[in-house]
Amino acid sequence: MNDKFLKPYSPSETESRIYELWEKSGYFNPDKLPKRHKEPFSIVLPPPNVTGILHLGHAYEDSLQDAVIRYQRMCGKKTLWIPGADSAAIATQARVEKDIQKSEGKSRHDLGREELVRRVYEFAKSSEGTILSQIRKMGASLDWSRYAYTLDEKRNLAVFTAFKRMYDAGLIYRGHRLVNWDPKGQTTISDDEVVYQEEKAKFYYFQYGPFVIGTSRPETKFGDKYVVVHPDDARYKDFSHGQKIELEWINGPIAATVIKDAASDPEMGSGAMTITPWHSLADFEIAERHNLDKEQIIDKYGKLLPTAGEFAGMKITEAREKIVAKLLEKGLVVKIEENYMHNIATSERTGATIEPQIMEQWFIDVNKPIPERGNKSLKELMRSAVENGDVEMPQEGFRSTYFHWIDNLHDWNISRQIWFGHRIPVWYRGTEVYCGMEAPKGEGWEQDPDVLDTWFSSALWPFSTLGWPEETGDLKVFYPTAFMSPAYEILQLWISRMILMGEFHLGKAPFKRVLIHGLVRAKDGRKFSKSLNNGIDPLDMIEKYGADALRMGLLVGAAIGSDIKFDEQKVKGYKHFANKLWNIARFVLSQEKPVGGELKKELIEEFEALAKDITADMEAYRFHLAAEKAYHYVWHRLADEILEESKGSERGSVKAEYIATLYYLLENSLKLLHPFMPFITEEIWGEMRKENILMIEPWPIS
RNA sequence: GCGGGCUUAGCUCAGUUGGUAGAGCAACUCAUUUACACUGAGAAGGUCGGGGGUUCAAGUCCCUCAGCCCGCACCA
């Protein structure tokens, strides 16, 4: 027996050595697994931000997925777990721009597009190593030979091909539509990156000719030349649709037109409203229905345009009070409510208030029937994939959320006004438009300046990582993948879009099952956040207690789907358990293993029943129960009872008839624990002088 | 407005197809230099949020009420 067993178990002296052993073995790569591993089983790691650092949310996902992969590998599956990183374009560019501004006092425009993109790319690449080495510390058995980055050559080809095919199919189009404009980030953002925040504001009622209209945004009202009432509203029955009315407004007399549309709610205020189609989705839709004029009032920087007359050039917040003052003076203010609660749209990334704008942007049409997909639209494809069970979503609640989201889905705005990312592969020359990776022959072609939404490339991830659009062996063998286990935050943003892309490009959803997990929260139930300064670094936990203990602390007792309140004490408890296991091994290994010794039948049967039970839990994705049962058996049955019974009368002696059984139970317990506590189990296994490493040993029940 | 979730021991949470309520931590009593103090044994702690129903049997299924939380939409 090795001397190291005379000391308590030391994760820090063990883990990196064991990880190296695994990497050297090559078994993370399915192509190098022994012959018995036939049936493919693949998952794709949700790619972390390339410039990020490991947080407990990653640590939890890594623990969960690695437990599944290790279990499946031991069961004889040909397992592939693909690592990768995401360029997180907006966040990464913003970060680098800020650094350059600070150190060199230069803006992105001073540097120019090419230089900035180069610098951002370099920065991303230089910090890539950090997150990757941190994932290794968790013990994740990822096939590093297949590592993918959203901006590498293969993924670029995938993004281009996806765009081109959707463009040719008429699913990607360019149009003037209302988008979410972030005046701070100077880019559009998707609906799912808009966060609504409650705010107390003033609500104004103005006299608008014969009507009283209400608004919380007086600064948008300059261009309001349509007043909308419900067709059935008796109060306005004397006005007809299309009727013109002369009235006095902010900057003088205007001609307003009466519009009758059911979108106006008679219960709301006076039942009459004016509309600002350029800066409101609801208004935009009314304007589209009646073919009304749309006029821009606010520019890209949140300032009023010349149409605002004397207020032109002012910021909206500044203009608001002044406009109200002017209307007061003119006697057009009917009433002001002080405590009006409403939601304002803000950018998740920059925190700026979103200013809806009509802009010429690129969109994915989610409603257009697709002939080669049975005339279903993308929306319908997303729905049917889950409805018909191609993608299992066993958690009822999340299924409803998914369907609800699809029903409310608008066309997806995919162009972003930043420089770092996948550039839109479209070229213009006068009125000519060409979609291609390179400019067409001839002079004067200009590429579209925008880049694609980060989620466009992320949506291709489950197959771009397998080599698509090339018909690779990986794609044949490993697509679709077994499952995805995202946090519920990302269901709409990512999961649904991967289903969309998989269904369109491959005719098959990219994974067979979605298991949505909760958020890892602080012990008091609050989110971890920079502002609360309550963050816990998983690496600190690994240093103090070991990766095995952290993995157990995150997995045990946490049913998938509900939030996890992270408790350091729990992790500490599993460190104690690791040491317990260590001492069990010391006790058993202090005895020479008998050749062909008799096994105690009842103890073996008891163990087999446990192994069967745990296997059922693993198959049903009840990892929290599987881990806890293995833990409980090893500590409170094997150590507390069986080992005690086996002790001989003399100190340190073991009854001869027990020794073979103890070896059996220890070996097989190590197997049951390996998916959860890979390091210590592999380390003890190694001391037992086995032929193979534990990672590819057969699971106790096949 | 639409949709979803949660409520079980002091705390944090498990509890699978309905079949005698579980774990970790904390607190309590005792033991002990042991494979292991990163220890062991024991005891204590629960009308499973309230009420009603189905059932031989309900923490689990149904209805209802309450509290807490979340997603989506609207917001003139």
Side-chain angles (χ1 to χ4, degrees), chain A residues 1 5-6 8-9 191-192 196 198 201 203-206 208 211-217 220-221 224 227-229 263-265 268-276 280-283 340-345 395-409 488-489 491-492 518-519 521 523-525 545 549 552-553 556-559 561-591 613 616-617 620-622 624-625 627-629 631-632 635-636 639-641 643-644 646-647 651-652 654 662:
Chain A
M1 191 173 58
F5 278 104
L6 300 177
Y9 173 63
D191 292 348
D192 303 283
Y196 290 91
E198 221 174 49
F203 193 82
Y204 308 89
Y205 290 92
F206 300 137
Y208 187 81
F211 304 97
V212 173
I213 57 150
T215 185
S216 59
R217 301 203 56 189
T220 64
K221 295 286 135 191
D224 291 12
V227 59
V228 183
V229 296
S264 184
D265 180 2
M268 191 99 174
S270 64
M273 64 175 178
T274 60
I275 55 169
T276 316
S280 153
L281 181 61
D283 296 359
Y340 175 68
M341 293 303 291
H342 71 151
N343 289 326
I344 53 162
Q395 294 145 301
E396 277 298 325
F398 293 122
R399 267 173 80 102
S400 317
T401 305
Y402 176 79
F403 290 136
H404 189 246
W405 177 80
I406 289 176
D407 293 341
N408 286 302
L409 189 63
Y488 50 68
E489 291 184 309
L491 176 66
Q492 296 97 324
L519 300 181
R521 291 172 179 275
K523 209 182 157 189
D524 57 12
Y545 309 112
M552 286 292 276
V556 175
S562 52
D563 287 349
I564 299 155
K565 287 182 189 127
F566 184 79
D567 184 359
E568 186 173 340
Q569 286 310 309
K570 206 167 145 190
V571 180
K572 192 176 168 189
Y574 290 109
K575 186 195 170 158
H576 295 178
F577 175 59
N579 196 54
K580 190 75 183 179
L581 183 61
W582 190 247
N583 282 298
I584 292 168
R586 181 211 287 206
F587 181 78
V588 174
L589 298 186
S590 66
Q591 307 298 318
D613 197 18
D617 284 335
Y621 293 80
R622 294 187 296 259
H624 59 297
L625 292 183
E628 190 182 350
K629 282 171 188 168
Y631 160 85
H632 199 261
W635 196 323
H636 299 297
D640 289 348
E641 293 171 359
L643 247 58
E644 289 304 320
S646 77
K647 284 181 183 172
R651 178 183 301 167
V654 176
L662 292 183

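Residue numbering restarts at 1 for every chain, and letters A, B, ... go by the order of the sequence lines. FYI, side chains are in, hydrogens and waters are out, and symmetry mates aren't considered; it's all heavy atoms of this structure.
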Pairing partner of B:A66 (Watson-Crick or G-U wobble, both distances under 3.5 Å): B:U7
Could you tell me the Watson-Crick or G-U partner of B:G71, where both distances fall under 3.5 Å? Say none if there is no partner. B:C2
Minimum-distance nucleotide to A:Lys629 side chain [options: B:C74, B:G71, B:U16]: B:U16
Is there a donor N/O on one and an acceptor N/O on the other, under 3.5 Å, for the side chain of A:Lys580 and the base of B:C38? no
Can you tell me the distance, in whole Å, between the [atom1] atom of [X] and the [atom2] atom of [N]?
X	N	atom1	atom2	answer
A:Lys575	B:G24	NZ	P	19 Å
A:Glu644	B:G42	CD	C1'	15 Å
A:Leu281	B:C74	CG	P	7 Å
A:Phe5	B:C38	CZ	P	19 Å

Is the A:Tyr574 ring parallel, tilted or perpendicular to the A:Tyr631 ring (thresholds 30°, 60°)? perpendicular
Are side-chain heavy atoms of A:Lys647 and A:Val654 found at a separation under 4.5 Å? no
State, yes or no, whether a side-chain contact exists between A:Lys629 and A:Asp617 at a heavy-atom distance under 4.5 Å. yes
Between A:Ile564 and A:Lys570, the residue closer to the 5' end of RNA chain B by nearest nucleotide is A:Ile564
